[in-house]
**Q** 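Following this message is one structure expressed as structure tokens.
For the single chain, residues carry numbers from 1 onward in sequence order. Being a predicted model, the structure only gives us computed values, none of them experimental. What you see below is based on every heavy atom in this structure, not just the backbone, and it leaves out hydrogens, waters and symmetry mates.
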Amino acid sequence: MKMKVLWMLAFCVALLIGVQATQLISKVAVYRTLPTAPEVSEINEVPPALPPFGVRIAYIGHLEPIPGTESNLQFLIYNGSSSPISCIGYRGVCAKPDIFIREHAESAWKCMNGADEYTIKPGETGSLAVIADDFTELPGETENVTVGYTFWQPGGSPIQSSAEPIVLPSAFRDQVRKAVAERNSYWD
């Protein structure tokens, strides 16, 4: 009886070792049959993106007022032309934008006292600020507004550029409503 148990135990151990050996051999065979990945000799650098051509304006956000300033819409200007462009404004920020509402343009009126002329060289950026007083009418709540600017090249030739249309942020639109109402009551 002891002999049968020993034979049975030996058989189970041999069977277990055989199964383990078979699994190990099959794994090695699988690894040998898998294709090898091609070697990467060198990772090529991605070429840099080309800058936009011409003068471009992009809306970058609504700037809440800080003491001594007005709330305004901020736009980034990129000069992708081959010549410098100039604008008129305050502290290096272009002012007096062209505003398009209901497909007609209205040029913002400003006193421009104390304004300076600023130059944006080719490949450089500038900024444009739009305040509530720049609007002569109130756009609808969901109406698109396009902000643009007429820049000047050396020699006096104009270049006009506009940003993509936007819907005014509600807080800024409320300020436009007040500015238009004050202006209209002043002239009544």
Side-chain angles (χ1 to χ4, degrees), residues 49-188:
L50 296 174
F53 180 75
V55 177
R56 300 286 183 247
I57 300 175
Y59 174 65
I60 56 175
H62 176 220
L63 184 65
E64 292 293 331
I66 54 174
T69 66
E70 295 179 81
S71 170
N72 61 67
L73 303 178
Q74 291 285 308
F75 292 83
L76 179 71
I77 302 164
Y78 175 75
N79 183 3
S81 72
S82 58
S83 65
I85 56 173
S86 63
C87 67
I88 305 226
Y90 305 93
R91 295 179 298 230
V93 178
C94 299
K96 196 176 179 244
D98 299 320
I99 299 173
F100 300 88
I101 301 173
R102 296 177 201 100
E103 298 186 18
H104 74 276
E106 55 178 87
S107 186
W109 180 85
K110 275 198 169 175
C111 170
M112 303 308 282
N113 244 1
D116 287 320
E117 184 174 335
Y118 299 98
T119 299
I120 304 170
K121 296 177 184 172
E124 292 185 348
T125 60
S127 62
L128 171 64
V130 178
I131 60 172
D133 282 338
D134 289 336
F135 288 79
T136 58
E137 64 180 288
L138 180 65
E141 266 185 65
T142 59
E143 186 172 13
N144 281 334
V145 173
T146 302
V147 173
Y149 198 88
T150 303
F151 300 96
W152 298 95
Q153 292 179 308
S157 57
I159 293 180
Q160 188 173 28
S161 185
S162 297
E164 291 292 319
I166 63 168
V167 174
L168 297 181
S170 61
F172 187 77
R173 189 173 176 283
D174 290 342
Q175 293 172 358
V176 170
R177 178 187 296 111
K178 290 176 190 171
V180 169
E182 284 175 13
R183 188 177 309 108
N184 289 343
S185 69
Y186 178 78
W187 294 109
D188 287 340

**Q** How close do F53 and R56 get, heavy atom to heavy atom, and via which atoms?
**A** O-NH2, 2.9 Å

**Q** Distance from Y90 atom OH to D116 atom CG, nearest 0.5 Å?
**A** 9.5 Å

**Q** Going by the rule salt bridge (charged side-chain N to carboxylate O under 4.0 Å, His left out), which residues pair with E124 if we only count those two or more places apart in sequence or in a different chain?
**A** none

**Q** Looking only at non-hydrogen atoms, find the nearest pair between I99 and D134 and report the distance.
**A** CD1-O, 3.4 Å

**Q** Once you round to the nearest 0.5 Å, how far does CZ of R183 lie from CD of E137?
**A** 10.5 Å

**Q** Could you tell me if the side chain of S161 sits less than 4.5 Å from the side chain of Y149, heavy atoms only?
**A** no

**Q** For P97 versus V147, what's the shortest heavy-atom pair and its separation?
**A** CB-CG1, 4.0 Å

**Q** Would you find a donor on one side and an acceptor on the other, under 3.5 Å apart, between the side chain of Y118 and the backbone of R91?
**A** yes

**Q** Where is the tightest heavy-atom contact between I120 and N79, given as atom of each residue plus distance?
**A** O-ND2, 2.8 Å

**Q** With sequence neighbours left out, what residues match V167 under side chain to side chain contact (heavy atoms under 4.5 Å, CB included)?
**A** N144

**Q** From L76 CG over to I60 CD1, what is the distance, rounded to the nearest 0.5 angstrom?
**A** 5.5 Å

**Q** Roughly how far apart are S127 OG and I57 CD1, rounded to 0.5 Å?
**A** 11.0 Å

**Q** Just so I know, are the side chains of I166 and F75 near enough to count as touching, which here means a heavy-atom distance under 4.5 Å?
**A** yes

**Q** So do C87 and E117 actually touch side chain to side chain, heavy atoms under 4.5 Å?
**A** no

**Q** Counting C-beta onward and ignoring hydrogens, is there a side-chain heavy-atom pair between I85 and V55 closer than 4.5 Å?
**A** yes

**Q** Roughly how far apart are I88 CD1 and F151 CZ, rounded to 0.5 Å?
**A** 12.0 Å

**Q** Are the side chain of T119 and the backbone of S86 linked by a donor-acceptor contact shorter than 3.5 Å?
**A** no

**Q** Please examine the side chains of H62 and Q74, heavy atoms only from C-beta on, and report whether any two atoms are closer than 4.5 Å.
**A** no

**Q** To check you understand the geometry: which heavy-atom pair defines the closest contact between R173 and L168, and what is its length?
**A** CB-CB, 4.2 Å

**Q** Given 3.5 Å as the limit, does a donor-acceptor pair link the side chain of E143 with the main chain of G140, or not?
**A** yes

**Q** Can you see whether D98 engages S162 through a side-chain donor-acceptor pair at a distance of less than 3.5 angstrom?
**A** no

**Q** Do F100 and V145 have side chains that approach each other closer than 4.5 Å (heavy atoms only, starting at C-beta)?
**A** no

**Q** Might you point out which heavy atoms bring L138 and R177 nearest each other, and give the distance in Å?
**A** CD1-N, 3.8 Å

**Q** Check side-chain hydrogen bond (donor to acceptor under 3.5 Å, both in side chains) between S83 and all other residues, then give those that pass, not counting sequence neighbours.
**A** Q153

**Q** To the nearest 0.5 Å, how far apart are OG1 in T136 and CD1 in I101?
**A** 6.5 Å

